[in-house]
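Report on the structure given below.
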Amino acid sequence: MRDSCGKKGFFGKDLPCPYDGPPMEPDDEARLMLVDICGPEFAEGPTCCTKDQVEALRDNFNQVEGLISACPACRNNFRSFFCTFTCSPEQASFVNVTSTQTTRTGQIAVKSVDFHVSEKYGEGFYNSCKDVQVGTTNGYAMELIGGGAKDYHGFFKYMGDEKPIGSPFQINFPSTTPTGLTPLNITPRGCADNDLRSRCTCIDCPSICPTLPAVPPPNAAPTCQVGALSCLSFFLILAYALAVLGFLVGYLVSSTIKKRRERTYERVALSEDTSSPRIHTRGLVGQGSLAQYLDEDSLGTQSESRHLGRGASLLDPIDTAQPRQYPLNTFLRHAFYKLGLFAASNPFLMFSVVFTVMAILNIGWKKFEIETDPVRLWVAPSSESKQRKEFFDANFGPFYRTEQIFVTAAPAAADQTTSLSLGADGESVLSWDRLKYWFKVEEDIRALRSPRGYDLSDVCFKPAGPQGACVVQSVTAWFGNDLDNYDEDTWAEHLDECARSPVECLPDFQQPLGPHYVLGGVPETEDGRKLFVNAEALVITYVVSDSLDSALQARAMEWEQTLRTYLVDLSSRAPNEAGLHVAFSTGVSLEEEINKSTNTDVKIVVLSYLAMFFYVSLTLGAGSAVREEEGVFSSLAQWARNFPGLFKRSSVAVSELSVDTRTVPRFFPRLPRNLFIGSKFMLGLFGIALVILSVSSSVGFFSWIGVKVTLIIAEVIPFLVLAVGVDNVFILVHELDRQNFLHGPNAAVPVSNGGFTTPMSPTHSHRSPYDSSLTDDLDAASMPQYLSAEERVARTLAKMGPSILLSTITETVAFSLGALVPMPAVRNFALYAAGSVLLNAILQVTVFVSALCLDLKRLEAGRVDCFPCIRLQSRIALLEGSASGSGLGRIGRFIRRHYAPFLLKPVVKGIVMIIFTGAFIASVISMQHIELGLDQRLALPSESYLVDYFDNLDAYLDVGPPVYFVSRSIDVTQRPGQQALCGRFTTCQDFSVANVLEAERKRPKASFISEPSASWIDDFFLWLDPNKEECCRVRKSDPSIFCTDRDSPRLCRPCYKDKTPAWNITMEGLPEDEEFMRYVKQWLVSPTTEECPLAGKASFGTALSISQDGTDVVASHFRTFHAPLKSQADFVNAFASAHRVADDISQRTGADVFPYSMFYVFFDQYAHIVAITQEVLGLGLASVLVVTALLLGSWRTGSIVTGVVGLTVITVMGVMPLWGISLNAISLVNLVISLGIAVEFCAHIARAFMSAGTGLPVEHPAGQKERDERMWTALVDVGPSVLSGITFTKLIGMSVLALTRSKLLEIYYFRMWVTLIISGALHGLVLLPVVLSIAGGSGFPQQEADEEWMSRAIRNDYEYAPFLADDESVASD
């Protein structure tokens, strides 16, 4: 071949002429040009090309120069390949013309040739170019010059195929060479060769890259493992197994020794004096039952007390065991007694004062605001990610707003019920009719106008400037947004060609559009070939500019809302019109959908509250101490039996004898009086109203000081305060019922000196039973049995107030510590929770106490609950008698007679310890598998269109989010700073920013980086290369003036032409200081064109932030892409990996480098949430320890309570991974709640345990029995309140919440709270009693009121069988 024979048509390139003559010597001008372009190999000798052909070579080489010039080996191989093909004098030995054609001028030209190349040369050429990167596209040169070829055959085929942009004739590369021809077999250059004309940099030649230290993937399994278990799990299981084995062996040994001792001492025991008082001592808690261990002096007192009756020894503590006193306890009881007496005596004054204060707090509602901005909600103001986002936005502009659409084949009608999110499984979305339909849709979108007249062109991102094209990533761009030139037979072939070679089908914004951006679910054949035409989804992305200017941002949001409206309508009609399923998201969608009120599933939440409200209101009156009556069902049964008597004639006159009115027939049943009077429905509603008031006042107060409300607060705080507050309400009401049983009008009056004591008048002056002036030897039996309502209420608060104070302080402090968390959602929740709990407790010990007294007076006056104006007269009972029963409800009687004795058996204690230790071990093992994250779909309403979008996003998007590595605090105008950033020059640092990013890209499992990085500084220096004549140009007449694309080439020359030293890859002579800034400013405004793809305007226009005076680069970024992120774990790990990479670069280069991606600001919490969780829970447990130890008066008991609370929280955390609950801000809030409510389960029982003591030292021989008796008393005392108050109340509420359709409520509220309630109840009512009975601290006895109750209980034969000598004395209820 030689010379040119014209063009095939009006357009295109010249075709070579077939020629079989000898090579010829070129003229001098052609020789110089040939040597300049093809190298010194052609400095002498004849050639097979003319000057015109050499000029064509130059023009073609200039088109690819910007793509491959960074790697000398690839560049020189490329030039050598085509120079040899065109001009080699040996051309005929490896090139064979196979067909010819007639050109437009009538000449015979080449139509196709066979070019024979050896395999060695072909592989060497391909290998030198396959890794060369193109920073502007975050891709590879092979995608542009070789169609993304995977081997040299594909590379050569792409270059040889006839196409408008490429070869004007067909070049074939046969795999076999016929006889007479010799394949081209010159030695190719290698990118790793030491020759300066061959060696490439690390970015383009991986084989010469320095090796980074190995790092494990962020989600790697533990390095220490024993089989499938981590070492920690293995050793915990081993230790537990050994401990259980040791316990069983110890139990067997001790049982054997005990039996032997019993046989040894059997005869001695039989010979003992059976009348010894030490053998027959008996009693319940403390004093008398322990006399056998005291000095002989106590025996006389004990024998003297025998005639007083069973348990009388409890009333003479000084003669048996001197009780310890705790001044703080005494002070608190005294203070609460006074407070209770004042509140009960002056209820309306208390109402006025307290409600006035609450009203003042509620004034803060005027400043009420709800925080809905996700960034301000979940990201701390001091967060590094937030500060970096603000820095990025200020210096480079905010990240683009994306409008993304997924189009799939609509499921068949029969399948729509089972496939609501994704398209028809496996069906191709592409067809000629569907393609035409979608072209029409995109035409409609381009024509959309917002209410103020904005269209896509007004808001879209235009990399080439205001007059440029919008960035729209869609398969329609491959067709030039026009199907007129295609038909049903040609569209598929064109689409396949564009997908395989995006550079052949550039969109109007002139950036290659890879198939992974616009097609999803592309199937592959067995040999790995992708079938793009059979793709399951179209992915369409509109890139909209964002701005810090609120007016510009509002413009974009207005257009997005218009687009959203259009797409909502399209998604409803597309299935019928074209069989297409449309899923989409706009820039305004996420915040709008999250803030929808349907997110909270209001009906279910309200139903849950109502269920708890009615349970509380109906349950409070169950234990009222009133005279026994028939129940509702027995009354109805009696009425049914009597009803036929209405129709019978009675022969006995009513006046003749007394008649039991219960047997008299009536038209309407006579219901029990207690049903109307004993109910506490109004009191329950009042308690619930106080919960609502406390939450409202807390919101008012914190709104007044500027703390915004969040959705978490609105959903969780009422549940929390109800859980805590209701428990206190039950405790107060149950204690008042017991006081009424002891001192109410129906209490039995004891005989004293042969007569009855006179009941205390309600007008009698009140004297606190807790005054120190009372004599210590006062027998409780001599106390007056009847007390006024005010006195009983005051005693109730005196006994339970310190317990409420303990739980309130502990919970308030624990919640307040949550304010240490910088995350606003958690901090604000902690403040609101602490304030609500504190205010609710204050309301309960003030106005609720007043309400208790008023309700008690209503009850004793016989007034109907809810209708106090109606008064029912007392019914005359046939049998006089005192109110029987212990004052305990069914739950209390079950605990006293069955549960507590069973739980406190030694064997049961051991089993309990084994079970709960096993649960602890299992929880610790399970906790290791807790995942981080919060799936956005859970926060959305179940019917939201975004759920569909996220499902499609996971299924079909094959590209990850972009990530920017921002460098600052580095002087890029100086050579050291430039070398710390660059990667394509020989003097760049081995571990520069560009080189490290490239090395990290090669291990995507550890770095989550999948694409080459766009290095602005490398492209900038390559732009200066004088060989790229269409890039940096200056006026010949005045080099200080830059040429524009409008200037004639005759007037301009390359910027660095004739520079000394010349431009070179060693960076010597490249610009610095002011010269650097002069060139870089021009580079940033130079349009990126096909002739000069290295210009910076389109690709790097926003990649640099230049100082206001224009003398320095403040910051710059390197753009790359994450691997596709499909799960929350992927996002968390990608965040962690990017920060590891940035920290490594900073350490190596001395520059301040940080990563930024649009999702980082939301995932910043997961970099610290584990530490925050440990900090908050650790400080919470420390506060529990301090407060409980101080208020209980025992560090031993305080430590036990803290440990049980900690175990409760650990159990909740252990269940989290089993139930699909991740660790995030919401679950962290619930863990803080777990801490507070676990205290509620434990505090009352612990204080009751400490208040039932005798002061006996822990190590005393009778200490174990004494602790068992105290724990039995504590369980009977407050166990029913804890069980019915918090456990049943919350279980009822949570059971209703199980009906919710909101996944967020189901997973993070229903599942976590059910786990918390069950775990808290088991630990508080099973484990804590066992541990306290084994190792609890010495107690402090309560005073007269408690002694009276215990004495009265004993006199009524309510004894704890296991602790008494004669089991037969236990009477039934």
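- Using a 4.5 Å heavy-atom threshold, the side chains of Val695 and Tyr832 count as separate.
- Under the 30°/60° scheme for interplanar angles, the aromatic rings of Phe355 and Phe686 are found to stand perpendicular.
- Not less than 6.0 angstrom separates the ring centroid of His1323 from the ring centroid of Phe1241.
- For the atom pair OG (Ser807) and CZ (Arg1247), the distance works out to 10.5 Å, reported to the nearest 0.5 Å.
- Considering all non-hydrogen atoms of both residues, Tyr899 and Val1326 come closest at OH-CG2, 3.2 Å.
- Going from atom OG of Ser803 over to atom CZ of Phe336 covers 10.0 Å, rounded to the nearest 0.5 Å.
- Ile1334 has its side chain within reach of Lys909: a pair of non-hydrogen atoms, C-beta onward, lies under 4.5 Å apart.
- Listed here is the closest heavy atom pair of Leu1275 and Ile1245: CD2-CD1, 4.5 Å.
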*Evaluate the criterion side chain to side chain contact (heavy atoms under 4.5 Å, CB included) for residue pair Met913 and Val1331; output intermediate values, then yes/no.*
CA-CA 8 Å; Met913 294 298 292; Val1331 179; 3.9 Å; yes

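- In this structure, the side chain of Ser694 engages the main chain of Val691 through a donor-acceptor pair within 3.5 Å.
- Looking only at distances, no side-chain donor or acceptor of Asp1277 sits under 3.5 Å from a matching main-chain atom of Thr1273.
- Summarising the geometry of Arg333 relative to Pro802, their closest heavy-atom pair is CG-CG, 4.1 Å, with the distance given to 0.1 Å.
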*List the steps, then state whether salt bridge (charged side-chain N to carboxylate O under 4.0 Å, His left out) holds for Arg792 with Glu735.*
CA-CA 10 Å; Arg792 279 173 273 154; Glu735 176 59 25; over 6 Å; no

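- Contact record, Ser697 with Met358: OG-SD, 3.3 Å, taken as the closest heavy-atom pair.
- Counting heavy atoms from C-beta on, the side chains of Leu839 and Leu361 come closer than 4.5 Å.
- Atoms CG and CZ, on Asn346 and Phe351 in that order, are 11.5 Å from each other to the nearest 0.5 Å.
- For the pair Thr1197 and Ile1200, the minimum side-chain heavy-atom distance is 4.5 Å or more.
- No side-chain heavy atom of Phe916 sits under 4.5 Å from any side-chain heavy atom of Thr1211.
- Rounded to the nearest 0.5 Å, atoms CE (Met800) and CG (Leu805) are 14.0 Å apart.
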*Starting from the C-alpha separation in whole Å, work towards a yes-or-no answer on side chain to side chain contact (heavy atoms under 4.5 Å, CB included) for Phe848 and Leu843.*
CA-CA 6 Å; Phe848 185 76; Leu843 292 174; over 6 Å; no

*asked:* Is there a side chain to side chain contact (heavy atoms under 4.5 Å, CB included) between Glu791 and Gln739? Walk through the geometry before answering.
replied: CA-CA 10 Å; Glu791 183 75 20; Gln739 291 291 335; over 6 Å; no

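- With rounding to the nearest 0.5 angstrom, the CG atom of Leu1328 is 12.5 Å from the CG atom of Leu1322.
- Looking at every heavy atom in both residues, Ser1333 comes nearest to Met1271 through CB-CB, 4.3 Å.
- Using a 4.5 Å heavy-atom threshold, the side chains of Ser1199 and Leu1185 count as touching.
- The shortest side-chain heavy-atom distance between Val845 and Leu732 does not fall under the 4.5 Å cut-off.
- In plain terms, the two heavy atoms of Leu1235 and Gly1180 that are nearest each other are CD2-CA, 3.5 Å.
- Remark: Trp1272 CH2 to Leu903 CG distance equals 14.0 Å, nearest 0.5 Å.
- Taking 4.0 Å as the cut-off between side-chain N and carboxylate O, Arg795 and Glu790 do not count as a salt-bridged pair.
- When atom types are taken as modelled, the side chain of Arg1270 and the backbone of Phe1249 share a donor-acceptor pair closer than 3.5 angstrom.
- Heavy-atom contacts from other residues, nucleotides or ligands closer than 6.0 Å to CZ of Phe331 number 12 or fewer.
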_Candidate pair Val813 and Val1184, rule side chain to side chain contact (heavy atoms under 4.5 Å, CB included), full reasoning_ = CA-CA 8 Å; Val813 172; Val1184 170; over 6 Å; no

